[in-house]
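Single-structure report; data block below.
Index from 1, following the sequence. What you see is a predicted model; the values in this text were computed from it and never measured.
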Amino acid sequence: MAREYKTIQEVAGPLMLVRGVEGVTYNELGEIELADGTRRRCKVLEIDEGNALVQLFEVSTGINMSSSKVRFLGRCMELGVSEDMLGRMFDGLGRPIDGGPEILPEKRMDINGLPMNPAARSYPEEFIETGISAIDGLNTLVRGQKLPIFSCSGLPHANLAAQIARQAKVRGSNEPFAVVFAAMGITFEEADFFMRSFNETGAIDRAVLFLNLANDPAVERISTPKIALTAAEYLAFEKDMHVLVILTDITNFADSLREISAARKEVPGRRGYPGYMYTELASIYERAGRQKGHKGSITMMPILTMPEDDKTHPIPDLTGYITEGQIILSRELYRKSIAPPIDVLPSLSRLKDKGIGKGKTREDHADTMNQLFSAYARGKDAKELSVVLGDAALTDMDRLYAKFADEFEKQYVSQGYDTDRSIEETLDIGWKLLGILPKSELRRIKDEYLDKYYRPYEG
């Protein structure tokens with residue numbers, strides 16, 4: 001039987017100090033019972049010689065220190081999991097918000113999980129088709145990979161997240177595929193957008209949604225990605241499903257860490273974030289991957305907005321260390337009405353070479369990818385030169401490359417948020433655009449592929 005304590009010493013914002021506790025452990029769940037019988041949840045942040053510092057999941061308003069009781073439950077926070085979660089929407093703590101019944105769990109799992117043992121991992125090497133050319137063709141997503149999207153405030157990363165969640169699939173396979181989508185610190189408007197997007201397209205049938213709103217407590221925001229990944233681990237490693245986890249926005253998660261750290265009066269690190277932020281991010285990201293002996297897998301696409309558009313900010317900086325590349329959204333392309341505004345040159349998927357080629361995408365994929373990168377980079381250089389020196393300073397070949405860069409952005413990168421392109425369509429568009437350049441310029445492509453696919457451009 002859990003012991004009750006009436007020794008609340010202090011309440012400060014989301015934190016509460018309880019004195020004289022025994023046998024209480026770090027991360028243990030607790031319940032606060034108010035004088036009127038209302039119960040609120042909390043968890044233990046710190047234990048020091050019989051004093052427990054606990055963090056509230058709800059507001060502290062109405063807690064009377066003399067008449068309120070605290071009961072510690074002897075367990076960490078758990079999520080009840082079942083296949084019935086598919087097609088459902090939950091709040092940041094795993095409670096249904098779609099008007100449906102409570103889930104009858106097959107089992108209860110600790111939300112903290114454990115990062116996979118590196119020796120037990122299988123190497124990611126199977127292609128996942130997102131239907132987005134700038135990702136599939138140039139920065140390919142591979143099953144078991146962690147590939148973040150770096151955005152800027154005001155850019156349409158929510159539209160891109162919803163599009164990937166709707167369209168992503170494992171090609172040429174009848175293996176079950178699911179999406180676990182977790183949103184942290186979003187507005188009511190964004191939550192409504194995601195709910196409508198999933199419902200109207202039918203994507204909800206194979207998805208599990210966790211929505212934490214901006215007015216929800218910070219501690220809930222910290223738990224949301226862990227709860228989402230617990231659901232993903234159950235589907236992947238207990239039910240042999242291939243799961244794509246989309247987390248948006250990691251910046252809101254990190255800001256909540258900073259808020260709680262400041263409330264605890266901890267010594268701040270870079271930009272005021274706690275020194276353990278790297279550990280917190282790693283404990284989330286490293287739960288993705290493939291395990292030997294399991295058919296299922298977890299592929300992760302965390303989305304974060306870079307404060308002040310700064311790639312060196314601690315959140316994108318630390319994320320880049322832990323993950324295998326990044327997709328970067330560009331404000332410049334957004335101003336040109338390119339949708340999605342993916343800047344392919346600084347973007348990178350470190351595992352793309354493992355997921356493309358004959359039997360996975362198409363035999364010409366690697367060569368055309370390298371040629372498109374090269375031609376687009378030279379085209380952008382030619383356009384910058386024309387801005388400084390004028391068009392008259394460009395050679396005929398420079399003008400062709402400048403034309404290629406413009407058409408590449410309009411036809412290849414820009415496809416809108418409702419177009420689902422197969423990898424064959426993406427590769428064919430790439431070949432169509434390479435036809436702008438003479439065959440002699442395509443030095444990165446094998447002759448056999450040039451003979452098979454190259455055709456002069458027909459505007």
| message | Checking the side chain of Asn370 only, and the main-chain atoms of Ala366 only, is there a donor and an acceptor separated by less than 3.5 Å? | response | yes

| said: Taking OH in Tyr321 as the centre, count heavy atoms belonging to other residues, nucleotides or ligands within less than 6.0 Å. Is the count above 12? | reply: no

| query | With side chains defined as the heavy atoms from C-beta onward, is the minimum distance between Thr299 and Val243 less than 4.5 Å? | reply | no

| Separation between CD1 of Ile328 and CE of Met306, rounded to the nearest 0.5 Å | 6.0 Å

| message | Let's go through Met65 and Val18 carefully: what are the C-alpha distance in whole Å and the side-chain angles of both, what is the deciding distance for side chain to side chain contact (heavy atoms under 4.5 Å, CB included) to 0.1 Å, and is it a yes or a no? | response | CA-CA 10 Å; Met65 291 190 288; Val18 186; over 6 Å; no

| Salt-bridge contact Glu280-Lys226 (side-chain N to carboxylate O under 4.0 Å) | yes

| Side-chain heavy atoms of Glu129 within contact of Thr361, under 4.5 Å | no

| task | Assign the ring pair His313 / Tyr273 to parallel, tilted or perpendicular, where the plane angle (0 to 90°) is split at 30° and 60°. | result | perpendicular

| field | Met89 side chain near Ile97 side chain, heavy-atom distance below 4.5 Å | value | yes

| Thr368 side chain vs His365 backbone, donor-acceptor pair below 3.5 Å | yes

| field | Any donor-acceptor N or O pair under 3.5 Å, side chains Ser349, Gln145 | value | yes

| message | For the backbone of Cys42 and the side chain of Glu58, can you confirm whether one donor and one acceptor N or O come within less than 3.5 Å of each other? | response | no

| query | Heavy atoms, side chains only, cut-off 4.5 Å: are Ile149 and Ile164 in contact? | reply | yes

| query | Hey, does Leu34 have a side-chain heavy atom less than 4.5 Å from the side chain of Ile63? | reply | yes

| remark: Per salt bridge (charged side-chain N to carboxylate O under 4.0 Å, His left out), Glu33 is matched among Arg40, Lys6, Arg39 by Arg39

| field | All side-chain hydrogen bond (donor to acceptor under 3.5 Å, both in side chains) counterparts of Arg270, not counting sequence neighbours | value | Asp317

| said: For the backbone of Pro101 and the side chain of Arg88, can you confirm whether one donor and one acceptor N or O come within less than 3.5 Å of each other? | reply: yes

| Side-chain H-bond candidate by donor/acceptor type, Glu28 with Thr25, under 3.5 Å | yes

| query | So, the side chain of Arg421 versus the backbone of Tyr412: is there a donor-acceptor pair under 3.5 Å, distance only? | reply | yes

| note | Taken to the nearest 0.5 Å, the spacing of Ser82 OG from Ile103 CD1 works out to 5.5 Å

| query | According to the salt bridge (Lys or Arg N to Asp or Glu O under 4.0 Å) rule, which pairs have a member within residues 42-54, sequence neighbours left out? | reply | Glu46-Arg264

| Going by an N to O cut-off under 4.0 Å, is there a salt bridge joining Lys360 and Glu126? | no

| Do Phe198 and Phe181 have ring centres separated by under 6.0 Å? | yes

| query | Near Lys295 NZ, under 6.0 Å, is it more than 12 heavy atoms from other residues, nucleotides or ligands? | reply | no

| Is any side-chain heavy atom of Ile327 less than 4.5 Å from a side-chain heavy atom of Ile135? | yes

| Do Leu304 and Thr319 pass the side chain to side chain contact (heavy atoms under 4.5 Å, CB included) test, and can you show the C-alpha distance, the side-chain angles, and the key distance before you say yes or no? | CA-CA 9 Å; Leu304 59 91; Thr319 294; 3.5 Å; yes

| remark: CD1 (Ile8) and CD (Glu10) are apart, to the nearest 0.5 Å, by 11.5 Å

| Hey, mind stepping through Phe127 and Ile423 against side chain to side chain contact (heavy atoms under 4.5 Å, CB included) and telling me if it holds? | CA-CA 10 Å; Phe127 171 60; Ile423 187 62; 4.2 Å; yes

| said: Thr279: which residues meet the side-chain hydrogen bond (donor to acceptor under 3.5 Å, both in side chains) condition with it, sequence neighbours left out? | reply: none

| message | Rounded at 0.5 Å granularity, tell me how far NZ in Lys352 sits from CG in Leu147. | response | 10.5 Å

| field | All ring pair (Phe, Tyr, Trp, His ring centres under 6.0 Å) counterparts of His157, not counting sequence neighbours | value | none

| request: Calculate, to the nearest 0.5 Å, the distance between atoms CD and OG1 belonging to Gln163 and Thr419 respectively. | output: 7.5 Å

| message | Side chains of Thr7 and Lys69, heavy atoms from C-beta outward: is any pair under 4.5 Å? | response | no

| task | Would you sort out whether Leu93 and Met77 count as a side chain to side chain contact (heavy atoms under 4.5 Å, CB included), showing the intermediate values? | result | CA-CA 9 Å; Leu93 293 177; Met77 192 170 179; 3.2 Å; yes

| field | salt bridge (Lys or Arg N to Asp or Glu O under 4.0 Å) between Glu286 and Arg121, intermediate numbers included | value | CA-CA 11 Å; Glu286 290 299 333; Arg121 287 179 178 270; 3.1 Å; yes

| message | Could you check whether any side-chain N or O of Gln326 sits under 3.5 Å from a backbone N or O of Pro346, counting only pairs where one atom can act as donor and the other as acceptor? | response | yes

| Quick check: does any side chain N or O of His242 sit under 3.5 Å from a backbone N or O of Arg143, one acting as donor and the other as acceptor? | no

| query | Hey, is the main chain of Glu22 close enough, under 3.5 Å, to the side chain of Tyr5 for a donor-acceptor pair? | reply | yes

| field | Criterion salt bridge (Lys or Arg N to Asp or Glu O under 4.0 Å) on Arg362 and Glu424, from CA distance to verdict | value | CA-CA 8 Å; Arg362 206 167 75 184; Glu424 288 79 16; over 6 Å; no

| Nearest 0.5 Å, what's the OH-CG distance between Tyr276 and Leu281? | 12.0 Å

| request: For residues 238-255, pull every pair meeting salt bridge (Lys or Arg N to Asp or Glu O under 4.0 Å), keeping only residues two or more places apart or in separate chains. | output: Glu83-Lys239, Glu106-Lys239, Lys107-Glu238, Asp255-Arg258

| query | Under 3.5 Å, side chain of Asn252 to main-chain N/O of Met184, donor-acceptor pair present? | reply | yes

| message | Could you check whether His294 and Phe237 have their ring centres less than 6.0 Å apart? | response | yes

| query | Is a side-chain donor or acceptor of Ser261 paired with a backbone partner of Leu257 at a separation under 3.5 angstrom? | reply | no

Distance-only criterion, 3.5 Å: show the donor-acceptor pairs between side-chain atoms of residues 206-221 and protein atoms not counting sequence neighbours.
unit_1 : atom_1 : unit_2 : atom_2 : d
Arg206 : NH1    : Ala168 : O      : 2.8
Arg206 : NH2    : Ala165 : O      : 3.0
Arg206 : NH2    : Arg166 : O      : 2.8
Arg206 : NH2    : Ala168 : O      : 3.0
Asn212 : OD1    : Gly185 : N      : 2.9
Asn212 : OD1    : Arg221 : NE     : 2.8
Asn212 : ND2    : Glu220 : OE2    : 3.1
Asp216 : OD2    : Leu213 : N      : 2.8
Glu220 : OE2    : Gly92  : N      : 3.2
Arg221 : NH2    : Leu213 : O      : 3.0
Arg221 : NH2    : Ala214 : O      : 3.1
Arg221 : NH2    : Asp216 : O      : 2.8

| said: Are Leu244 and Thr130 packed together at the side-chain level, in the sense that at least one heavy-atom pair is separated by less than 4.5 angstrom? | reply: no

